[in-house]
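Step one of this worksheet: look at the structure below.
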Amino acid sequence: MTETPQLPQLPEAPHSPHGPQNVQLPSGGWRLWEHFALRGPGFPAEGVLRMAPPDLASAADKFGPADPLSGPEWEAFLEAFDTGAVRTARLLQEIAASPRFRAAVAWQNPAVLRTGIAPFLNWTPTAASRSSMPRQREELVAHYWQRFCVKNDTIGFFGPVGWGRWDLATRGIAVDPGSPGTGFLADSRVYFASWAVDALAKSLGADPALLAWIPPRRVSFVRVAADGTVRMPGRPPQEIGTTARTVLELCDGTRPVAAIADAAGLTVAETAETVTALVAKRWVHWRLDVPSATHPERELRAILDRIGDPAVREPALEKLAVLERGRAAVQAAGLDADALTSAIGALEADFAALTATDAQRSKGARTAPCRGLVYSDARRAATATLGTALLDELTPLDLCLTAARWMTNRVAERIGAGIREAYERLAANADDGPVDLGSMWMATLPSPHPQAGPIIDAVQDELRAKWAAILAVPEGARSVRRSSAEIAERVRAEFEEPGAGWSLARYFSPDVLVVAEDREAVARGEFELVLGEMHSALNTMGASLFVHQHPDRNELIAEVDRDFPGPRLLPQLPKELPLKWSARSRPSLDRPEDYYVAVIDDTGDPYRPRTLPGADVVVEDRDGALVAVLPDGAAFDLLDVYANTLTQRVMDRFTLRPDGEHTPRITIDKMVVARETWSVPVAELGFAEEKSEAKRYVRARHWQAGRELPRYVFVVSPTEPRPFYVDFDSPVYVTILAKAARRLARKDPEARLKISEMLPTPEQAWLTDDEGNTFTSELRFVAVDQTAVDTVAAVGQGSGEA
């Protein structure tokens with residue numbers, strides 16, 4: 001048998017010193033998971049502060065907006081500027097030469113090490129030698145550096161997943177950095193991108209001898225009606241012969257052609273011919289499909305292991321093993337950038353030879369994440385504990401969650417009405433019994449409903465208007481502070497109601513940041529909180545990238561069991577979607593008692609119990625509620641089938657920020673619920689066109705002062721893939737801002753940049769590693785709507801096997 005490369009096992013989870021805690025927000029209507037994610041970058045926050053030459057900003061500010069940038073004082077400043085620029089270039093070279101930085105870049109874009117980093121390191125920085133190309137390479141390194149130091153991403157070792165838990169017997173924040181001298185990572189893993197394993201499966205499936213062992217599967221929205229005809233959404237009934245019908249009904253994804261032939265009393269040749277005809281009618285898929293999974297290579301290996309002929313099985317397993325060994329070599333390379341790029345290159349060469357497919361997907365509008373064959377996720381060694389000092393100040397979060405629930409309720413109500421209209425049209429035209437789920441789904445494309453966009457826009461407008469009335473923000477205010485006591489009654493009047501949305505809508509995943517001088521200040525009550533993103537109708541910690549970096553998945557499953565004591569109906573999801581969805585984001589907290597149903601995307605494992613096609617699910621109106629009824633009698637709210645498409649539409653739509661070119665910082669009690677932001681016409685950034693670096697820097701600071709912008713900001717440009725950090729004291733980051741403005745102005749002179757204050761700032765980092773370095777961070781909570789539990793659970797429970 002082919003040897004399977006083995007990766008080291010995750011360390012055993014530490015024993016919890018206490019049982020589950022009931023972490024309730026002040027109103028009692030919301031419970032927080034005891035576990036929370038600790039998101040932060042993999043490089044210390046002070047790294048970006050080094051990009052601001054000492055005293056250069058104060059020297060630049062001696063020149064007023066009307067002062068000529070010439071004369072002896074200007075020449076002295078130019079000399080100081082050049083000295084600072086050379087110093088920064090040398091610092092950037094130190095960064096670019098460091099193994100961990102080079103390894104991080106290797107994971108992002110290994111070609112950059114050769115085309116950008118290597119020549120940059122071979123250059124000797126002087127004021128005279130800082131021509132255009134070396135400056136571009138400085139900016140390249142600085143751009144990567146800001147992401148690695150201050151963006152709370154979750155990707156690879158430069159954005160490792162950290163974990164924490166509430167301990168209501170304590171008061172402040174405690175951090176266990178891990179064992180001294182062992183590094184800031186507890187674990188790091190390399191995973192295959194699903195598209196890479198799918199490409200190998202497609203290549204293997206081209207062999208007729210292997211395909212003979214692959215079970216054909218009925219298309220998820222195809223069914224055989226009671227009158228013996230085949231029904232597909234949007235098409236008239238199709239006649240089918242007795243033999244073809246028998247074969248079609250046996251195509252369940254678990255029987256190879258030979259097994260179907262045996263069950264149907266046919267020859268293998270007759271069965272293969274019939275299956276081929278069913279494929280031609282698009283009623284059956286007969287191909288090597290790998291189920292969606294965090295470890296797709298394991299799923300492919302399981303399929304190949306079922307092949308009974310060693311002469312067919314072993315060569316296929318060996319091809320898979322080639323890629324598995326390549327992945328293991330990438331894992332073994334660790335943070336050695338040279339070994340890492342070599343291992344990735346070797347894996348790509350093997351992949352191309354095995355599949356005749358490019359090993360890197362080109363970046364484009366229809367390219368999902370994970371452009372490479374493999375990706376890396378890691379777990380931070382540091383863990384955190386939160387106590388009552390923070391919990392006591394979460395009343396503002398409670399109010400925001402209540403408003404977010406109102407938003408999802410309205411979306412469910414209005415989109416649900418559109419889904420009902422589609423159901424009633426189908427039911428009126430049904431001539432052979434009830435409406436099936438496959439037809440229901442097709443009738444509401446694009447899911448969840450063709451009018452979903454306008455509906456959600458309207459709900460968001462209502463949400464903004466309600467908050468505007470509650471907060472009563474004065475015109476032109478830079479900062480607004482309200483107390484929860486003075487607005488709570490208005491919030492309840494506008495938003496308070498039980499949860500009535502889809503299953504996922506009981507979950508919200510807010511990011512909360514802590515602003516404090518140090519951790520000890522939190523225990524003294526000397527801190528503020530900042531509400532970051534509010535991920536609505538979504539448990540982000542259920543995604544693969546979090547779940548598989550937790551030391552004990554069962555602890556997270558136990559949290560799910562509290563929220564869903566009975567089985568759930570889970571739609572099978574596509575393996576990836578542009579631009580955000582990939583294997584890393586797939587839900588990974590499913591349980592054996594949960595059901596999976598395929599509507600269009602048939603990505604599940606047909607061998608898994610309680611996995612069924614949508615055509616076998618009936619949609620019924622029961623006492624005014626639309627329910628999905630499974631073959632074993634289990635019934636679920638129909639919106640559960642639409643849960644993920646509903647969530648994708650609303651997950652980032654919560655806001656209490658008013659529209660406008662400037663919105664103030666809004667603080668409720670000790671929580672900043674909206675940072676100060678500016679929407680700036682790109683044409684206003686005249687300094688961006690200045691050719692002289694020194695003059696550009698001075699003019700940028702004039703513009704910053706005129707706009708009253710803080711030193712540290714994040715900027716969002718329509719032409720940039722993600723927000724980027726700017727420090728107005730740093731010439732290199734001012735240059736990066738200027739170049740982004742020029743790119744945008746060339747594309748659309750009327751466009752705007754969105755600028756928001758950075759809060760907390762890099763100096764306010766409290767998360768430490770085993771060496772005492774500090775990191776920016778945010779706390780990712782899971783909030784559970786306690787008002788929704790009984791209503792959703794009462795819809796129906798399954799008991800039988802599908």
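Just so it is clear, the structure is predicted and the values come from calculations on it, not from any experiment.
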Using a 4.5 Å cut-off on heavy atoms from C-beta on, say whether the side chain of Val141 contacts that of Phe101. yes

Checklist entry - Are the charged groups of Glu528 and Arg481 less than 4.0 angstrom apart, N to O? => result yes

Within the 4.5 Å heavy-atom criterion, are Val673 and Cys400 side-chain neighbours or not? yes

Sorted by chain and number, sequence neighbours left out, ring-ring contact (aromatic ring centres under 6.0 Å, His included) with Phe724 holds for none

**Study point:** Pairwise side-chain contact, Arg380 with Asp769, heavy-atom cut-off 4.5 Å (strictly under)
**Key:** no

| message | Using a 6.0 Å distance limit plus a 45 degree cone around the ring axis, check whether Lys151 lies over the aromatic ring of Tyr725. | response | no

Residues passing the ring-ring contact (aromatic ring centres under 6.0 Å, His included) test with Tyr191, sequence neighbours excluded, are His295, Tyr375

>> Whether Arg701 and Asp729 form a salt bridge (side-chain N of Lys/Arg under 4.0 Å from carboxylate O of Asp/Glu) is what I want to check.
In response: yes

Just distance, no hydrogens or angles: give the donor-acceptor pairs under 3.5 Å from side chains in residues 43-54, sequence neighbours left out.
none

Rounded to the nearest 0.5 angstrom, the CZ-CD distance for Arg478 and Glu708 is 4.5 Å

query = Do we get Arg675 above Phe714's six-membered ring, with its NZ or CZ under 6.0 Å from the centre and within 45° of the axis?
reply = no

**Message:** Classify the ring geometry of Phe148 against Phe158: parallel below 30°, tilted from 30° to 60°, perpendicular beyond 60°.
**Reply:** tilted

In this structure, OG1 of Thr774 is separated from CH2 of Trp766 (nearest 0.5 Å) by 11.5 Å

Hits for ring-ring contact (aromatic ring centres under 6.0 Å, His included) against Trp33, two or more places apart or cross-chain, chain-then-number order -> none

Rounded to the nearest 0.5 angstrom, the CG-CG distance for Leu397 and Leu391 is 10.0 Å

Rounded to the nearest 0.5 angstrom, the CZ-CG distance for Arg379 and Asp187 is 5.5 Å

In this structure, CD of Glu34 is separated from CG of Leu556 (nearest 0.5 Å) by 11.0 Å

Task: Mutual orientation of the aromatic rings belonging to Trp467 and Phe654 [parallel < 30°, tilted 30-60°, perpendicular > 60°] - done: perpendicular

- Item | Sub-4.5 Å side-chain heavy-atom contact between Arg553 and Leu589 | yes

Please tabulate, one pair per line, all N/O donor-acceptor pairs under 3.5 Å involving side-chain atoms of residues 103-111, not counting sequence neighbours.
residue	atom	partner	partner atom	Å
Gln108	OE1	Arg147	NH1	2.4
Asn109	OD1	Ala111	N	3.4

field: Proximity of Trp145 and Tyr733 rings by center, below 6.0 Å
entry: no

### Message
If we count only N and O atoms by modelled type, under 3.5 Å, do the side chains of Thr395 and Ser484 hold a donor and an acceptor together?
### Response
no

For Pro664, the side chain to side chain contact (heavy atoms under 4.5 Å, CB included) test, sequence neighbours excluded, returns Val473, Val480, His662, Ile666

CG (Leu737) and CD (Gln704) are apart, to the nearest 0.5 Å, by 10.5 Å

